[in-house]
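Just below is one structure, and these are the notes that go with it.
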Amino acid sequence: MHKLAFLRIKETVVEGKGFKTLRFMFNRKVRPGQFVMVWIPGVDEIPMSLSYLGRIKGITIREVGESTKILGSLKVGDSMAIRGPFGRGFERLSGKTLLVCGGAGAAAVLPIAEEMDNRERVDIAIGARTKDELIFEERSKMYSDNVRTSTDDGSEGCEGTVVDLAKHMMKERKYDFLQACGPESMLSSLLKVGKEHGVSGQFSLERFMRCGVGICGSCVINGKRVCTDGPVFWGEELESMSDFGRSKRDESGQKIGL
Amino acid sequence: MHKLAFLRIKETVVEGKGFKTLRFMFNRKVRPGQFVMVWIPGVDEIPMSLSYLGRIKGITIREVGESTKILGSLKVGDSMAIRGPFGRGFERLSGKTLLVCGGAGAAAVLPIAEEMDNRERVDIAIGARTKDELIFEERSKMYSDNVRTSTDDGSEGCEGTVVDLAKHMMKERKYDFLQACGPESMLSSLLKVGKEHGVSGQFSLERFMRCGVGICGSCVINGKRVCTDGPVFWGEELESMSDFGRSKRDESGQKIGL
Amino acid sequence: MASLRVNVAGLVMENPTILGSGIIGETGESLLSAYKAGAGAVVTKSIGLEARKGYSNPTLVELPFGYLNAMGLPNPGIESFGEEVLLAVRGGATVIGSVFASEAEVFAQLSSKMEAFGVSAVELNLSCPHASGYGMELGVDPGVVREIVLAVKKSVTIPVFVKLTPNTHRIIEIAQAVQAAGGDSIVAINTVKAMAISIEAGRPILSNIFGGLSGPAVKPIGVRCVYEMYDVVDIPIIGAGGIETWQDALEYIMAGAVAVQIGSGIGRRGLNIFKEVNFGLERYLKSRGIESLGELVGTAHA
Amino acid sequence: MASLRVNVAGLVMENPTILGSGIIGETGESLLSAYKAGAGAVVTKSIGLEARKGYSNPTLVELPFGYLNAMGLPNPGIESFGEEVLLAVRGGATVIGSVFASEAEVFAQLSSKMEAFGVSAVELNLSCPHASGYGMELGVDPGVVREIVLAVKKSVTIPVFVKLTPNTHRIIEIAQAVQAAGGDSIVAINTVKAMAISIEAGRPILSNIFGGLSGPAVKPIGVRCVYEMYDVVDIPIIGAGGIETWQDALEYIMAGAVAVQIGSGIGRRGLNIFKEVNFGLERYLKSRGIESLGELVGTAHA
Ligand SMILES: Cc1cc2nc3c(=O)[nH]c(=O)nc-3n(C[C@H](O)[C@H](O)[C@H](O)COP(=O)(O)OP(=O)(O)OC[C@H]3O[C@@H](n4cnc5c(N)ncnc54)[C@H](O)[C@@H]3O)c2cc1C
Ligand SMILES: Cc1cc2nc3c(=O)[nH]c(=O)nc-3n(C[C@H](O)[C@H](O)[C@H](O)COP(=O)(O)OP(=O)(O)OC[C@H]3O[C@@H](n4cnc5c(N)ncnc54)[C@H](O)[C@@H]3O)c2cc1C
Ligand SMILES: Cc1cc2nc3c(=O)[nH]c(=O)nc-3n(C[C@H](O)[C@H](O)[C@H](O)COP(=O)(O)O)c2cc1C
Ligand SMILES: Cc1cc2nc3c(=O)[nH]c(=O)nc-3n(C[C@H](O)[C@H](O)[C@H](O)COP(=O)(O)O)c2cc1C
Ligand code: FES
Ligand code: FES
């Protein structure tokens, strides 16, 4: 049981255009990739990955609609209601790992780097549409000597998608694992590219969520509950899911294209 | 919260005429003087002191009515439902103590002797109406070198009440404390006799009980709940209770003579 | 200064915590002990015309999240109970006299006796879920409720509180009936009809089979009832059901309760619960700069 | 050999554990996953005529002893749901189709669609406590219940299960109405109407304000409803509410249930709960030398 926790915001950081991090004390144990449900009273309750897992935890919000805009406008001293953490996070793997972050997906992935005890073992690829939307580049460099970026418009780093970048990196170097979060189309391409290079990995998905505890069924993908069986899945699991990269369920449970 | 526990009877012992002990495993911590509620399905649920507090606990029943007769007829292997332990038991006192047992009261008192680490510090007076009803004499001798008995009819030990016996023993020797259980008229006389000899003490009461947890109010004596504030009280507390030794409440809450 | 003082239909209490009916309320001295432990008022055990022994044991089942009880309304009868009320009132307690009966006339008779004994208000038990012919059997019919409240109002001058059951889908109509008949305040909720079976014994545990569920398990039900009623009646509501902390009390207050009753919490937390709830509420008011608890009543309504 | 096989009004299941409606039951594959995890049968999410988005979040509150939910009956509408049922049925699952509507005719229409999709029984949701115009608003009136059951019975040949609410004092009459109208089995209980207020936010947590309480908190209420109904109807009763262990299931069975539904337990204990309950029941039967679970149904009645 996850008691609804009201937390005071201790720090806010603008991470990039439309991206904001809120930091707060939250004394529960969290794995990288796990998420919380954030309640915006009178508006909604939405899932957010925990982007910082130390003593002072954090969420990193991409402002896309009403709730995320309201969250983005919170100030130090404001309070915030969350419950969680939920889900099966990323595993602590031993091997050389490439972390791949698409857009807001970096929030779920960066804590993996922070958890690694060896900067030699982790390389990081961060992608965004444009330069202003690249996040966590500096933070990444604290944990890895090989941090690369890509932008769709070429305004910084390689021009192209983060999958192109990852492919390039996999050619340069042999990785044991990929760990990634981002838009599902990106994850789906990355899974393929990884296979071509013989690299298996874990991927974090997003689905519409209500309960977070695995009972309502809103978040299912091919019979798996993203909130409890995921949000992080192994590539091998995803390959057997016909909806992966293709379709999801809307609020009414109807299957729609991604 | 005391989960209803179903326990298999491991041993039964006839302690005297109309007295039977049932032994069973019950893994909860119990103080001397605490009691349990014993459920006799289809019949009643009644309070019983725990007369053995070691790994294999026990209750010692005086057969007086339907429930106690049924309990008394239970055999090894039968099971028994109890909840508890309840109440404030006897304190672990340091000083020379005289334990005074009237009838079935010995069940509540004997565990005190067992808990004492020094047989020099504990003397025991056991009283009953007649020889056959004296219980725990042998058991007492395991913990004390000065065990005396009394019977109303003089069939064993001193002729007279256990209060007479206790008075006699207090004359012989200086005690720091009395700890006693038995009929309330006996406790009330003992309290007085103790005061005359400058010996204060603890006394365990009986009242009609329903809940055991201090909410129903059935067991109150002058505003104190015997199930939770007692059943063991200090003499000083009892002295301020106008009902002590005089009246109790029947099942409807009406005040009646003892 | 933050004030916990509340006025429920003319009954003024130093704080909003009330000892619930049936909880150590069968004798004057134990009523007094709850008052001295910090309750703003104390409700007596529900008292009937004649002495009643109640059901045989087991009358209580302990659950991880509350109690199940079927005491069977044991009580010494209204005549013997006078001295108990007197004792509590003389000791300084604010006493609310709870009564039960199977017809309006007897409710009126009992209530007027209670008034004569010196209680500050009467509480009509229309909600006990396990005594056949009494309690909720009456309290689920708006017409019957109306008739009883009317009769009692005619027979006393002190405030009349009506304790309602959650075991019905007609809670709103019943609350409205209480108000229409001139009832001064509603108490919600009494216990929820429930039972427990021992699989070891293969039979119900309570001797009466059915009983009432109380404690934390029923708090979400009690809060809902108070919230629903707050929208439809103007008379003050007293909340009850699963209150164990000041946060629980505040939840009821925000739902619309002006005061709260505490029952099972006394078994689960001890008699100190009144002081603890009051202390917590006071600290909360102070920390928010709120002058009076009354300002918070019903604030969870949009 | 101890057998867990049960026959509920002609619906044969390998074991008595059923996935409750609204629990991961919106898609064919997740229904199948519960079946594969050990359920004897699975009930679909309650399906209506048209697609419904349900309420906005928060739709769930976690409590120490259960959940409070107000999903708002989200569902893709009966037409789209056909392929989900098909998928589950083809995968080998025994599927019970739950439907909701506001009138008898629509219940009949939905049920006959469900039959066409291949479900083994339909379950009429007359008990959702938080959707206005649906659920318990219908299920507290014996006349309305009768009319709905009659209409559905005319439109299908598969067994008709009727899921009832505990939020009424008329539970016995309602159960009798189901039987009189030819209903094949009763499911009891759905959630108990309840709510939670956040004192920090000063407002109800659920976007719909009111929701339904489920989980261990409601078990004593569910057991009581089953026990009460067992004495007045002959049709089989399916128990639900707070079942998390084989002991809980057995308590319902002794109260009179032939089978049980599990909902909240899946969130609190995981999908393995079906296997665990069944394993426990089987071991119990073996240890007592009981051949079939059926022998235990209703044994807590004197
Ligand atoms: C496991 C998980 C982790 C996430 N982590 C992050 C994160 O770290 N940072 C971040 O910025 N975003 C994250 N998201 C996405 C975030 O939840 C949505 O961006 C947010 O809900 C949008 O809400 P809105 O009101 O601002 O926009 P809206 O206009 O309401 O919605 C925009 C889109 O957000 C998605 N969305 C809305 N409600 C939900 C819901 N209840 N569950 C899932 N998706 C929803 C839908 O795709 C919707 O179309 C995560 C989502 C999931 C499922
Ligand atoms: C704290 C406490 C500890 C006790 N310890 C022991 C013990 O160790 N050994 C022992 O033999 N007896 C003990 N008793 C007394 C025992 O509970 C009664 O003898 C028993 O309840 C009688 O039940 P019955 O059905 O046999 O007799 P009944 O004919 O039903 O009753 C005989 C008398 O027992 C008493 N009694 C009955 N029900 C209750 C009840 N629910 N609560 C309190 N008293 C009741 C009444 O005084 C009644 O008049 C204790 C009582 C209390 C309160
Ligand atoms: C042991 C017990 C006895 C009760 N007796 C009565 C009673 O006589 N009259 C009454 O109106 N309510 C009675 N109640 C109900 C309580 O007053 C209260 O309304 C209910 O228990 C819910 O509050 P709680 O959760 O704080 O206990 C009793 C409750 C318990 C637990
Ligand atoms: C999240 C959730 C959604 C539910 N949705 C439905 C539903 O659509 N139809 C229905 O008849 N019951 C629904 N229920 C009720 C359950 O099927 C079940 O009757 C109730 O939760 C009690 O069982 P439990 O304590 O095992 O959860 C829902 C319950 C929950 C917790
Ligand atoms: S969000 Fe409810 S099952 Fe995943
Ligand atoms: S037995 Fe209920 S208060 Fe003591």
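So you know, we letter chains A, B, ... as the sequences are listed, proteins then strands, and number each from 1.
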Query raised in the report: If you take all heavy atoms of D:S198 and A:F6, which pair is closest and at what distance?
Result: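 Closest approach of D:S198 to A:F6, heavy atoms only: OG-CZ, 3.2 Å.
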Query raised in the report: What's the shortest heavy-atom distance between A:C211 and D:L60, and which atoms?
Result: O-CD2, 3.7 Å
Counting only heavy atoms not in [X], do more than 12 fall under 6.0 Å of its [atom1]?
X: A:K20; atom1: NZ; value: yes
X: A:R129; atom1: CZ; value: no
X: A:E239; atom1: CD; value: yes

Requested in this report: Let me know which of A:R210, A:M37, A:E45 forms a side-chain contact (heavy atoms from CB on, under 4.5 Å) with D:P58.
Outcome: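 Going through the options one by one, the only one that passes is A:E45.
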Taking side chain as everything from C-beta outward and backbone as N, CA, C, O, which of these in [X] sits under 4.5 Å from a heavy atom of chain A? Side chain, backbone, both or neither.
X: D:L32; answer: neither
X: D:S33; answer: side chain
X: D:Y67; answer: side chain
X: D:L63; answer: backbone
X: D:S207; answer: neither
X: D:E84; answer: side chain

Report task. Begin from the C-alpha positions of A:R225 and D:E26 and carry the test salt bridge (Lys or Arg N to Asp or Glu O under 4.0 Å) through to its verdict. Result -> CA-CA 12 Å; A:R225 295 160 299 172; D:E26 222 168 63; over 6 Å; no
Query raised in the report: In terms of heavy-atom pairs under 4.5 Å with chain D, which of A:E251, A:K224, A:K255, A:H2 leads?
Result: A:H2
Report summary line: Of the listed A:V220, A:T228, A:V213, the one with the largest count of heavy-atom pairs under 4.5 Å with chain D is A:V213
**Report entry** A:M209 portion near chain D, given a 4.5 angstrom heavy-atom threshold
**Finding:** backbone
To the nearest 0.5 Å, how far apart are [atom1] in [X] and [atom2] in [Y]?
X: A:C216; Y: D:N69; atom1: SG; atom2: CG; result: 9.0 Å
X: A:I215; Y: D:I24; atom1: CD1; atom2: CD1; result: 10.0 Å
X: D:E200; Y: A:M80; atom1: CD; atom2: CE; result: 13.5 Å

Options [options], ranked by heavy-atom pairs under 4.5 Å with chain A, top entry:
options: D:G25, D:A201, D:G20; value: D:A201
options: D:R52, D:R268, D:R203; value: D:R203
options: D:P76, D:P64, D:A51; value: D:P76

Query raised in the report: What do the steps show when you test A:R83 against D:E62 for salt bridge (Lys or Arg N to Asp or Glu O under 4.0 Å), and what is the final call?
Result: CA-CA 9 Å; A:R83 62 186 175 97; D:E62 296 178 63; 2.8 Å; yes
Requested in this report: Carefully, step by step, assess A:L4 and D:I205 under the rule side chain to side chain contact (heavy atoms under 4.5 Å, CB included).
Outcome: CA-CA 10 Å; A:L4 191 61; D:I205 301 177; 3.7 Å; yes
Query raised in the report: Is it true that D:E29 and A:R249 have a side-chain N and a carboxylate O under 4.0 angstrom from each other?
Result: no
